[in-house]
2 protein chains.
Amino acid sequence: MGDFRLRVFYVVAREGSFSRAAAELHLSQPAVSLQIKALEEEYGQRLLDRTARGARLTAAGERLYRQARRILQLYQEIEAELLSPPALSGELRLAASSTLANYLLPAVLAGFQSEWPKVRLVLASGNTRQVAQWVREQAVPLGFVEGPCALPGLKVQRLAQDELVVVRGRRFAALRTPFSVGDFLSLPMVMREPGSGTREALEAALRAAVPGKLPQVAMQLGSTEAVKTAVELGIGLAAVSRWSVEKELRLGTLLAVEVQGLALRRQLFTLYPQGPAPGGVAGQFLAFLRRALRAQRLARTGV
Amino acid sequence: MGDFRLRVFYVVAREGSFSRAAAELHLSQPAVSLQIKALEEEYGQRLLDRTARGARLTAAGERLYRQARRILQLYQEIEAELLSPPALSGELRLAASSTLANYLLPAVLAGFQSEWPKVRLVLASGNTRQVAQWVREQAVPLGFVEGPCALPGLKVQRLAQDELVVVRGRRFAALRTPFSVGDFLSLPMVMREPGSGTREALEAALRAAVPGKLPQVAMQLGSTEAVKTAVELGIGLAAVSRWSVEKELRLGTLLAVEVQGLALRRQLFTLYPQGPAPGGVAGQFLAFLRRALRAQRLARTGV
DNA sequence: CCGTCCAATGAGGAGATCTTATGGGCGATT
DNA sequence: AATCGCCCATAAGATCTCCTCATTGGACGG
């Protein structure tokens, strides 16, 4: 990705506006201000003239801008050279636990596929323990899971953040909003089976908020799709990954419910066998995935 | 300074060794390992082959190395263009409190002078309050102080870290080393006058460690040079900036004493009038100073 | 086979950077 | 002329990155 600070400057200069640049870079406007300020302090001179209608380059800024373009171009060349090695091909076997396999990875796989059409992709899904096992046995070079997972011979690395969102059906009576954790615990829940990453994350968050209390499980189902349907039918509430209910939230068949004081975030991890980070196709895929996740932070849809 | 991560890679590649690169960059060896690892993960491939006797570039690493050289050269061009604007000239008036004015700034002023011979430099020294006053009245565009300092209309910015070191004369009986804070408090001290940045820093550190107790002042003197002389003569101990006793420590006329549990670090600040950071000659000087400080972190001599 | 050198790993902490919330200034609008 | 709106600066707080210290693991050379 190269030199972030320089990229920020470049975009601000090109757009002639701090806030437009912030939007384009998926940053807040103050963050952009700070980056520019740091750059100006590094060089000891004003690079941009702030006006009421945006920003214009100073003479020094003009000089920097010209060089910045050249540098950023070189970074692009690097990406082109390093990320498109001589026609990657072969088979890439991956393993992922349910939410990742169903909602996050498919889009990424599609993008990867279109960039390297010669690679045959195979995605297995299983629970966290299975995925870890497969990776440790080297059945797959790379695995993705939704919960903490430590096994000897296994390297675990944080990949992204996922946000769980509590949803209700349209007709499910909304108490006063926002809910307290207490309200929440008094309502019937639809849940996945114990051991599912989503369920464990919810229970961990509840333990942290109100030790010793567990939610009332009105119904237990084996897949997120089934859970969503049950919630749509008004059986109860559920906590699911924001990724899995994007469409339903847009359609309005499910409604997000805010529960105060409940930190429903969890980490997503990537697994690979102990030793150096995977290279070859697997390495390329991981790098591709990381770039996709970074780009996707735009959507503010978790991550 | 450009893209630090790329520079680290470049040096490792050129040196063929993580640890030699670490030494050259004034970093620890693990820090270099982590930078390289991050780069390798970003591109999804191994860039360096680790051997028992160092590291060699892989094919991908070679490609990156070539581009890295070009990019780093462009950064140098930027510095050359932006940091040498059309023959800076005129007068630069600065103000600094005692330790800075006596021990840190002179070398930096000399360097700046030789880079911009046309600039006439004037350095005033005074205590923290005076310096702040001068800056606020715009008598100088830039001031440097050794202690916290908040005044309306004044912008304060952390500049560097300074380490105070406790010293004793050769013949001063050393108790068992290392000292405890209690031992330390029972010994006679040579000190600057109250209000001096050094003294305030020492007293603040003691307050933090042993509330309510103050050191025994055997002698109070008006300058650091006088303090040093008194300590050399065995009057007592003193806490002084490491910068001010570099020579004496090397000569062995003063000896550093470790006092356990006493955090004798303080921050150095730069002051300028509220508003945009100073530009022109003052801005250039500040940028020059920051680069000098960064480079000097090599000496491990505080900063 | 052991000593030595080099890089990797883990724990802990300091610093950098982002976010939200808020203020101030200039132009445009009425 | 006063007000509204847009844009950038600042402040406070939280997070996360990155560095250092200490230690482990591996390979080469004696």
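Each chain gets a letter, A, B and so on, in the order the sequences are listed, and its residues count up from 1.
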Counting heavy atoms from C-beta on, name the nucleotide in [options] closest to the side chain of [X].
X: Arg5(B); options: dC6(C), dC18(D), dC8(D); result: dC18(D)
X: Leu34(A); options: dA9(D), dG29(D), dT19(C); result: dT19(C)
X: Arg50(A); options: dC18(D), dA9(D), dA14(C); result: dA9(D)
X: Pro30(A); options: dT19(C), dC28(D), dC19(D); result: dT19(C)
X: Leu27(A); options: dT10(D), dA8(C), dT19(C); result: dT19(C)
X: Ala52(B); options: dA27(D), dT9(C), dA8(C); result: dA27(D)
X: Arg158(A); options: dT17(D), dG15(C), dA7(C); result: dT17(D)
X: Phe18(B); options: dA7(C), dC18(C), dA28(C); result: dA7(C)

Using 4.0 Å as the upper bound for N to carboxylate O, is an ion pair formed by Arg266(A) and Asp162(A)?
yes

Please determine whether a side-chain nitrogen of the Lys or Arg among Glu40(B) and Arg50(B) lies less than 4.0 Å from a carboxylate oxygen of the Asp or Glu.
yes

Spacing of [X] atom [atom1] relative to [N] atom [atom2], expressed in whole Å:
X: His26(A); N: dT20(C); atom1: NE2; atom2: C1'; answer: 19 Å
X: Leu293(B); N: dG15(C); atom1: CG; atom2: P; answer: 14 Å
X: Asp3(A); N: dT17(C); atom1: CG; atom2: P; answer: 11 Å
X: Gln157(B); N: dG15(C); atom1: CD; atom2: C1'; answer: 14 Å
X: Leu48(A); N: dC7(D); atom1: CG; atom2: P; answer: 16 Å
X: Glu40(A); N: dA9(D); atom1: CD; atom2: P; answer: 8 Å
X: Arg53(B); N: dA27(D); atom1: CZ; atom2: P; answer: 14 Å
X: Phe4(A); N: dC16(D); atom1: CZ; atom2: C1'; answer: 14 Å

If you compare all heavy atoms of [X] against all heavy atoms of [Y], which two are closest, and at what distance to 0.1 Å?
X: Leu164(B); Y: Thr198(B); value: CD1-O, 4.0 Å
X: Leu264(A); Y: Ala205(A); value: CD2-CB, 3.8 Å
X: Val156(A); Y: Cys149(A); value: CG2-O, 3.0 Å

Closest nucleotide of DNA chain D for Gln274(B) versus for Arg265(A): which of these residues is on the 5' side?
Gln274(B)

Want to settle it: does Gly275(B) or Gln29(B) sit nearer the 5' end of DNA chain D, counting the closest nucleotide to each?
Gly275(B)

Check the angle between the aromatic planes of Tyr65(A) and Tyr10(A) and answer parallel, tilted or perpendicular using the 30° and 60° thresholds.
parallel

Please figure out whether Pro276(A) or Gln267(B) has its closest DNA chain C nucleotide nearer the 5' end.
Pro276(A)

If you find the nucleotide of DNA chain C closest to Ser17(B) and the one closest to Lys155(A), which residue's nucleotide is nearer the 5' end?
Ser17(B)

Which part of the nucleic acid does Ser28(B) contact within heavy-atom distance under 4.0 Å: base, sugar-phosphate only, or nothing?
base

Under 4.0 Å, heavy atoms only, any strand: does Arg20(B) hit a base, just the sugar-phosphate, or nothing?
nothing

Would one find a side-chain N or O of Gln35(A) under 4.0 angstrom from OP1 or OP2 of dC18(C)?
yes

